[in-house]
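Below you'll find the structure, written out as C-alpha cells, and then a few comments.
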Amino acid sequence: MQKIGVFVCHCGSNIAATVDVKKVAKMALKEPGVCHAEDYPYMCSEAGQSRIAAAIAEKGLTGIVVCSCSPRMHEATFRKAAERCGLNPYMVEIANLREHCSWIHKDMEEATEKAVILMRAAVAKVHLNTPLQAGESAVTKRALVIGGGIAGIQTAIDIADAGYKVDIVEKTPSIGGRMSQLDKTFPTLDCSACILTPKMVEAAAHENITIHTYSEVEKVSGFVGNFTVDIRKKARMVDMTKCTGCGVCQEKCPSRKTANEFNRGLNTRSAIYTPFAQAIPNVPVIDTESCIKFKTGKCGVCAAVCQAGAIDYKQQDEIITETYGAIVVATGFDTIKLDKYGEYAYGQSKDVITSLELERIMNAAGPTKGHLERLSDGKAPKEIVFIQCVGSRCSDDRGKPYCSKICCMYTAKHAMLIRDKYPDVNVTVFYIDVRTPGKNFDEFYRRAVEDYGVNYVKGQVGKVAPQPDGSLLVQGVDLLDNKQILKKADMVVLATAIEPNPDARKIATMLTASIDTNNFLTEAHPKLRPVESPTAGVFLSGVCQGPKDIPETVAQAGAAAVKVIGLLAKDKLKTNPCTAQADELLCNGCSTCANVCPYGAITYEVRLVNDHGIREERRVASVNSALCQGCGACTVACPSGAMDLQGFSNRQIIAEVDAICR
Amino acid sequence: MSKQSELIAEISGVNPLKCMKCGKCSASCPSFNEMDIKPHQFVSYIQRDDIEALTASKSLYKCLSCFACVERCPRGVKPGKLIDAARQLVLRQRGQEYLSPDEVPALLDEETPQQLLMSAFRKYRR
Amino acid sequence: MPVNQNNEEFRPVIVAFCCNWCSYAGADLAGSSRLSYPADVKIIRVPCSCRVNPMFILRAFEKGADGVILCGCHPGDCHYSTGNYYARRRMTLLFSMLDFIGVENGRTRVEWVSAAEGVKFSETMNSFVAKIRSLGKNVRLGDLRCKN
Amino acid sequence: MQELITRAKALLESGEVQRVLGWKQGEHIYDPEPAFFDSAEALKDFVYNGFCGANLSKYMIEAAKLEGKTLVFLKPCDSYSFVQLMKEHRVDREKAHIIGVGCKGKLSVNKIDADGILDIQGAGYPDCADTLTVDTLYGQTTVSYKDAMLERCHVCKGKEHMVCDEQIGESADTADSDRFAQVAAIEAMSPEEKFAFFQSELSKCIRCNACRNVCPACSCRKCVFDSTKFDSTQKANTTSFEEKMFHIIRAFHVAGRCTDCGECSRVCPQGIPLHLFNRKFIKDINSLYGEYQAGVDAQAKAPLTSFTQEDAEPSIVAEGGLTHA
C-alpha cells in the first residue's frame, strides 16, 4: 500500500474562491492510502514546495497528489520538488482544480464536489504509479530552417554564429522571401533591399549555413534531437557549379510570357529566370512549364548561349536525407485571394491593386521601374484611395477573423511616400481603426497626416465602381461626419489581409506540430513559450506563428535561434519514460502493435521465455524506448493486453474511470 | 436588453454585439442620404434600447431591402435584417397589412422591377 | 425500461478522455478563458486519443457513467501523426456496435478539439451534457441487477 | 473418408509428417471432435462426415510447437483461419502439410433437433444431397439437407481453399442467403427492440468461454478477461453488464481478424447467435473502409491497423449512416 500525501493549492483565490479547499483536503484523508492532506495558498511557491518536502520526510510518503492548476503548468515543478526529496518524480500526479474546475464553475458546492472527485481519481491513479527512469538520447548538432525569408535567414545566422550547422530549405529559386519584394520599410523608410541583401549574403557566405533553394521538405520522421528529413531539391536544369550568373540566358530566352511571380504577376518573365537581381544563389532555374524546349522539344537557346555550359535539360529532382536536432518553421505568409470581394472591383479594373502590388510598382526594379502609374493606361494617378481591412477582421467566410497587424503601418508608409514624391497626388485612406502600437509607429502615422496631408477618413468603402472614362468611383462613408462619400479616384489600393503560407498546414502535419483554424502554427504557450511549438524540437519564427512586422519577426527569429542553440548545446536529452512496454508472457507475437506504431519502435525477437515453469522459445514484441514516444496506439491494438504504457497504464486509467464513476 | 431589443435580435437572427462599427453598411447603402438613422447606427439604437426612435424612423421605409449591407457586412451583423425586424415589430403592433395583393396590379407598370415588388411585400405586409 | 424523465434534477456522470496535446490543452484554454460548462464533465488525461481502449469506455458505463466523450487532435494534426486516425476507426466501430445492441447512440461521442479551441471545447461539453441530460440515466449499459 | 485415411497413412509412413490432425468419433454420432493421430494404427478412429464442422486451424498453433510436420485437414472455410493465423505469426506454414478437404455444407445437430428429430443414431453422409437420411432410436427419417445445415454454410464463402498443399474431395458453394441479412434486420429495429433482442440473447450466456476457446482469432496466450491487466479478471458475473462487455470486447478484439467461420455460434451451448457481433463489424468495415475478408491475403493491411485521411467520423453512427448501408 502506498502512503499518499494530498496537497490542495488555493492558488490565491483562483481555486479557493470557488472550491472549498479545506473540504477537499478533509475528504482526501478518507481515501485509502492517504496519510497526509493539507491545503496552502500557493503550493508552487518556495514555501509550498517545502511543505511537500517536509511531509515526504515526516510521513515517508511514497506518492503525491497535488490539487492545483493544470499539469501542463506545474507538473514539472512538483516532480522536481519530489525528486529533490528522493521521491521518484513520476510518483506525482496532478488534479487539475483550476482550469478544469474552479475557473469554469460558479457554484461552490458543485465545484467542490467535482474537485473531490478529481482528487479521488488522481489518488486512485497514484496508487498504481511506479517509479520511472528517464532515458537519454543523443542530440544531432544541426538545425533545419524551413523558409528562407527574413525570419529564416535571421534564425539561421544566429544559430550559425553560435557555432552550429544550419540548413535553410527554401521553396523558391532564391532566399529573401516577402521582404525582398518590399520597396521601403516602416517606420524609418529604409530601403528594404538595402537592409535585407547584406543579410542574404551573410547567410550564403556563412561557413555553418547550407542553403537549399528551389527545395522542399518532403518527409520528416524522428523526434527532438534526432529528426530525419527528406529534402527534395527540385531540378533547376542549371548546373549550380558551372553557372556564372551572367544572365545571358535570361536575355535570350524566347519564352517571355510567364507571369512574373516576384512582381505579383504585374509583368512577365522569361522561362529561364532568377526571381530578382540580387537573388541568392544567382543561378537561374528553368520553369519547365513555360520552357519551349520542355513543351515542344525544340529550342535550346539558353544552352546554346551559355558559355559556361551550365544548362542541363536532363537534370532530375534529387532527394537528400539529413538528420537534425531541431527544426525551425519560418514559412511566412501570402496575401489572401480577393475573388470573394467583388465590391472592390479587384480583377475587374487593373487600377485596383493590393498593397503588395503597390510595393512592386513603387520599386525601381518593379514593372513600372518605380514610376507611380496606372497599370491600365500608364497615366499618372492624381487621386488615390486606400482601403483598410480588406479581408481582415471578417467573421464571415470571405475573409479572416484576425487583424493582419501590418496594414495600418504600411498604408501610412505608402501614403507618405506617394505624397512625398508626388505632392500633386491626393491620397485618401478609409480606415476602421488605425492601429499603431510600436515604437515610433503612432508618430509615423501622425506625420503622414500632419506633415504630408494624407486624408484619413474613418469609415469603410462599400463599393468601387469602374467608370466608362477609366476612373474609379469609390462609395464610402465618413462615420464621424455621418455622410456618405462618393469619390472619383484614379487608383485604389487594397490593404489585403495576410494569411499563412499555404504550405504551412502540410509542413505542420509532417512535423506533427499544432496548427490553428487559420493555419497559423500554435505556440507552446501564448505568453511564456511564444517561439516553441508544443512538439518538442520544433520552433516558430516569423509570420507562420501569427501576423507580425519586420522588427517583430527579426526579434522572434532571434528568440527561436536561442531556443535552438539551447537545445543543440546539450549532448544528451532526457527522454520521456512514459513509453510502451511489452509483457513477454502475454505477447502473442502477432505484430499487430508493430503495424500501428508510427515510430517503428516495436520489433520482434524470438526469445526464451519462462512462462510459469514452461520454458519455450517465443516470438515476442520488444519496444525500443528511445524511439517510442508514448502515444499508446499499440496498447489498444494489442488484443491480449500485453502492451501497456508506463505512466498511463490500463489499470491506472481504469482506476481513474472507476473513481470518477464511483 | 429590453424585451423589444431581444425580439429584434430574435426575428433578425443577428447578434448586434458583433458589430465593429466599420461603417461598410452605410458605405454600401443606396438610400443613405434619405435615411434619418443611418444603417451603421441601427445597432447602437438596439444596444441602448432606443427601439422607439428606431421604429419611428423614416429609415424603416427608406430601406430598399437591397441587402447590399447584409452581403458586405464583414461581421455578419446584417443591418438590413435588423431594420427589417424593426419594421416587422411595427407591423405586428399595428396589426395591419399595408399592401393587399389585390392592389398590386394597379401599381404595376412595365418598368417595375420584380425585386421592388418583393421588397414592397417585405415592408408592408406579413 | 423506465427512463428518468425528471431531467432537471438529473446530474449525469460524464467521462471525457482528452488527449494531452490538443484537447486537454483546449480544456485548459476553456478554463483560463472562463468558458463554463457543467461540472458533470470529468476529464481524464491520456497521451493520445489512440490510447483510449474500448475497455475504458465500457468500464465507465459499467461503473455508472451516463456518457463518455473522447476528444483528440483534429485528423491530420495528431501529435503522434497517426494516433487519431486509428482512434477514429476504433471508435466508429465501437459506437456502431453499441448502437447495434440498442444503446442510445448519443451516449458516446468523438470530437476533435485543438489546443486553440477553448470555445469549441466548452461548446462541445455543453452540448454533450445537454444531450445526455435529454437521454436520462444510462440504464442499458449499467448494472441492471444491482440497480433495479 | 477412406481416401483421406489412405493418404494420411502414406504420409505418416513415409515420415513426411509426424502426426495427423483430424476428427475422431465423439460420444455421439453427431459430435466428432478434433484429434491428433500419431500412428497409422490410431487412424482407425478417424472420421470425416457432415458433422465435422470443427475448424482445425486453431490447433495448428499447438502443432507449431511440436517436432516435425503435422498433416492437417482443412475445409475451404477453415483455410481462411489458417491464413489469418499465418499473418499473425501464430502457425508455422513450414511445419504444416495441409490437405484441403472437400466440403458440401456441414450439419447442425441443433437444427435437426429443432425439426423434432431426436436421439440420432446415424445419418446418411452423402454431402449436399437434397435429403438427409437420419437414423434415430425410433427408426429412420429424412430431413432436407439445407434445413439441417449450419447457419454459416448458408453464407458459404466458396469452395476455394486459401491455402493447401493438396486437395482431396469435391466442394460445393452452399451459399443461398445474404450474409448480412440478419445484421441488417437487427439494424432496422428500434433501439428498444435491439436492446430487448440482445438482452434476451445475452442473458442466456453462462460465460462458459466455449466461443472464446473455439475461436481461431481468439487465440491469445492469455485472454484479457483472465489477466490482471485491465482489472477485468474473469469471475462469476457480478453485474448483468459483464456479459455484454465480454462479447463486445471479444468481437472488437477479433474485428478485422475474424474470418466469419461461425465456430462461436456453432459451439455455444446456449445457442446465442454470437456470429452477429462479428458480422456486424465485418459489415461496417466493408461499408466504411472497403471490402475486406480476413484470411484471404496474409500480407493485406488489416482495417484496424490502417486508415485513410478521409475515413468517416464516428458521428456517422448517430447520423444513421451505417444502418442502411
Side-chain angles (χ1 to χ4, degrees), chain A residues 336 338 340-346 385-404 407-408 428-435 456-465 473-487 489 492 494-497, chain B residues 9 12-48 50 53-54 56-83 115:
Chain A
I336 65 163
L338 290 173
K340 288 180 185 158
Y341 285 92
E343 67 260 38
Y344 295 130
Y346 180 80
V385 167
F386 284 84
I387 305 175
Q388 299 300 90
C389 297
V390 175
S392 298
R393 307 167 72 190
C394 284
S395 59
D396 56 19
D397 61 355
R398 300 203 296 171
K400 302 289 175 186
Y402 49 83
C403 166
S404 295
C407 323
C408 288
T428 307
V429 178
F430 283 91
Y431 70 96
I432 304 174
D433 302 288
V434 177
R435 295 178 168 174
Y456 269 78
V457 178
K458 181 170 170 64
Q460 258 296 10
V461 168
K463 193 170 171 64
V464 177
L473 189 63
V474 178
Q475 182 184 320
V477 68
D478 185 337
L479 293 175
L480 299 180
D481 215 6
N482 213 4
K483 283 210 170 73
Q484 208 173 50
I485 298 175
L486 278 176
K487 199 171 193 68
V492 169
L494 308 177
T496 312
Chain B
S12 61
V14 164
N15 175 6
L17 295 178
K18 290 194 73 180
C19 176
M20 64 171 172
K21 315 235 152 80
C22 71
K24 197 165 179 180
C25 44
S26 284
S28 301
C29 184
S31 297
F32 182 91
N33 290 329
E34 320 286 323
M35 291 189 177
D36 47 357
I37 299 176
K38 311 293 186 191
H40 71 273
Q41 295 173 304
F42 297 166
V43 283
S44 313
Y45 281 82
I46 293 166
Q47 277 173 12
R48 62 167 190 266
D50 197 355
L54 196 61
S57 149
K58 279 202 296 189
S59 302
L60 248 60
Y61 306 102
K62 292 296 176 188
C63 167
L64 297 174
S65 298
C66 71
F67 286 130
C69 53
V70 173
E71 198 65 21
R72 292 176 194 160
C73 173
R75 307 294 303 175
V77 178
K78 306 172 183 170
K81 295 229 163 163
L82 285 177
I83 204 73
Q115 200 183 351

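Values in this document were obtained by computation on a predicted structure and should not be read as measured data.
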Practice task
State, yes or no, whether a side-chain contact exists between B:Lys24 and A:Glu343 at a heavy-atom distance under 4.5 Å.
Solution key: yes

Practice task
Flag the pair A:Ser395 / B:Lys18 as yes when at least one side-chain heavy-atom distance between them is below 4.5 Å, and no otherwise.
Solution key: yes

Handout entry: Closest contact, heavy atoms only, A:Gly462 versus B:Ala27
Key = N-CB, 3.2 Å

Fill in the blank from the handout: The side-chain contact (heavy atoms from CB on, under 4.5 Å) partner of B:Cys22 among A:Val477, A:Val461, A:Ile432 is A:Ile432

Practice task
Would you indicate whether A:Lys483, at its atom NZ, is surrounded by more than 12 heavy atoms from other residues, nucleotides or ligands within a distance under 6.0 Å?
Solution key: no

Problem - Heavy-atom donor-acceptor pair, B:Arg75 side chain to A:Arg393 backbone, under 3.5 Å - result: yes

Exercise for the section: Using a cut-off of under 4.5 Å on heavy-atom pairs, state which of A:Arg398, A:Gln388, A:Gln460, A:Lys463 scores highest against chain B. Expected result: A:Gln460

Fill in the blank from the handout: If one checks every heavy atom of B:Cys29 against chain A at 4.5 Å, the contacting part turns out to be both

Handout entry: Residue B:Gln41 versus chain A: region with a heavy atom under 4.5 Å
Key = side chain

Practice task
If a pair satisfies salt bridge (charged side-chain N to carboxylate O under 4.0 Å, His left out) and one of its residues is in residues 26-43 of chain B, list it, with sequence neighbours excluded.
Solution key: none

Problem - A:Asn482 portion near chain B, given a 4.5 angstrom heavy-atom threshold - result: both

Exercise for the section: Calculate, to the nearest 0.5 Å, the distance between atoms CD and OG belonging to A:Gln475 and B:Ser26 respectively. Expected result: 10.0 Å

Fill in the blank from the handout: NZ of B:Lys21 to CG of A:Leu479, rounded to nearest 0.5 Å, is 10.5 Å

